[in-house]
Amino acid sequence: MNDFNSILTEYNWSHLIIISILFLLIYIIFLFVRRVIVIIPMAKWIKIKFINFLNIFFIYFGPLATLILASIFVLIKPALHGLILGLALLLAFSHIRNFLNGRIINSNEMFSKGQLVRISDKSGIITEIGKLGLRIRSDDGLHYFPYQTLLTSGYTLSSGDKIGGYYHLSLRMTELMDEDQMENLTNIILSSPYLDGDHKPEFYRSLSSEGHLNIKVLVKEEVHLHELMKLLEENGFDATLSKS
């Protein structure tokens, strides 16, 4: 009995603060490592293995660290802090459940922006993968689905041609664009009526093909993709669909 009481009185606020700082430093270090791995040159398969390991680490580190800190918080003053933590868990139960379900669902990285998904009676493209749920855009607007809904109602990942989504365009360049050409290209794309106005296009150089500029765009419908490519062609830009 005395040993049990000594365990309960062993922890205090200084322990909680020190361990919290330690967890924060570990998180910052691993976050820095992930950013460095992305930019430094190395074999692609090695980089993928490192990134996958770090993604799994970030998925489980948060809940595990929270569980440890909550346990120490309770051990400081078991009766009072246990009651406080119990009330907090009761009030935030739905959010905690969605957060944990999201960690489980996203651990295998099934979802990505631009995918076509069907949840309940709604089909649309994923526009946001949040901590507590998914946001999808369908023909009748934006919809938000908590991760608990995905587990209870189920979901279907599919591909379709009636609804829009993310596409990668590759522009062939015989020479590097100057600032005026780049500004002209940007204005053409941003002013076109075919893109989803909530998501700006992303420009990036192709690592696999020299002399190409890649553009990631979100179109409202697939037919708009072909209209956008036609618009670029009319303005002197040779655009093709890219698999990257």
With the side chain counted from C-beta on, respond yes when [X] and [Y] share a heavy-atom pair under 4.5 Å apart, and no when they do not.
| X | Y | result |
| --- | --- | --- |
| Leu132 | Tyr144 | yes |
| Ile18 | Leu22 | no |
| Leu89 | Ile96 | yes |
| Ile68 | Phe73 | no |

Exercise. For Thr66 and Gly62, indicate whether the former's side chain and the latter's backbone hold a donor-acceptor pair under 3.5 Å.
Key: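 Yes, Thr66 side chain to Gly62 backbone: donor-acceptor pair under 3.5 Å.
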Exercise. Mark yes or no for whether Tyr147, through its side chain, and Gly130, through its backbone, hold a donor-acceptor pair below 3.5 Å.
Key: yes
For the hydrophobic clusters of this structure (ILVMFWY residues joined by side-chain heavy atoms under 4.5 Å, transitively), does one cluster hold both [X] and [Y]?
| X | Y | value |
| --- | --- | --- |
| Leu67 | Phe61 | no |
| Ile46 | Leu54 | yes |
| Phe50 | Val33 | yes |
| Phe57 | Leu25 | no |
| Ile29 | Ile19 | yes |

Rounded distance (nearest 0.5 Å) linking atom [atom1] of [X] with atom [atom2] of [Y]:
| X | Y | atom1 | atom2 | result |
| --- | --- | --- | --- | --- |
| Arg118 | Ile136 | CZ | CD1 | 9.5 Å |
| Asn55 | Arg34 | CG | CZ | 5.5 Å |
| Ser71 | Ile76 | OG | CD1 | 11.0 Å |
| Leu83 | Lys77 | CG | NZ | 13.5 Å |
| Leu134 | Leu150 | CG | CG | 5.5 Å |
| Ile28 | Leu24 | CD1 | CG | 4.0 Å |

Self-check item: Shortest non-hydrogen contact from Leu69 toward Leu16
Solution: O-CD1, 3.6 Å
Quiz prompt | Plane angle bin for Phe58 and Phe30 - parallel if under 30°, tilted between 30 and 60°, otherwise perpendicular | solution = perpendicular
Quiz item: Applying the side chain to side chain contact (heavy atoms under 4.5 Å, CB included) test to Leu85, which of Leu80, Leu90, Val74 qualifies?
Solution: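 For Leu85, the side chain to side chain contact (heavy atoms under 4.5 Å, CB included) test succeeds with only one of Leu80, Leu90, Val74, which is Val74.
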Quiz item: Are Gln148 and Asn98 linked by a side-chain donor-acceptor pair shorter than 3.5 Å?
Solution: no
Exercise. Can you run down the side-chain hydrogen bond (donor to acceptor under 3.5 Å, both in side chains) pairs that involve residues 79-95, sequence neighbours left out, and say none if there aren't any?
Key: none
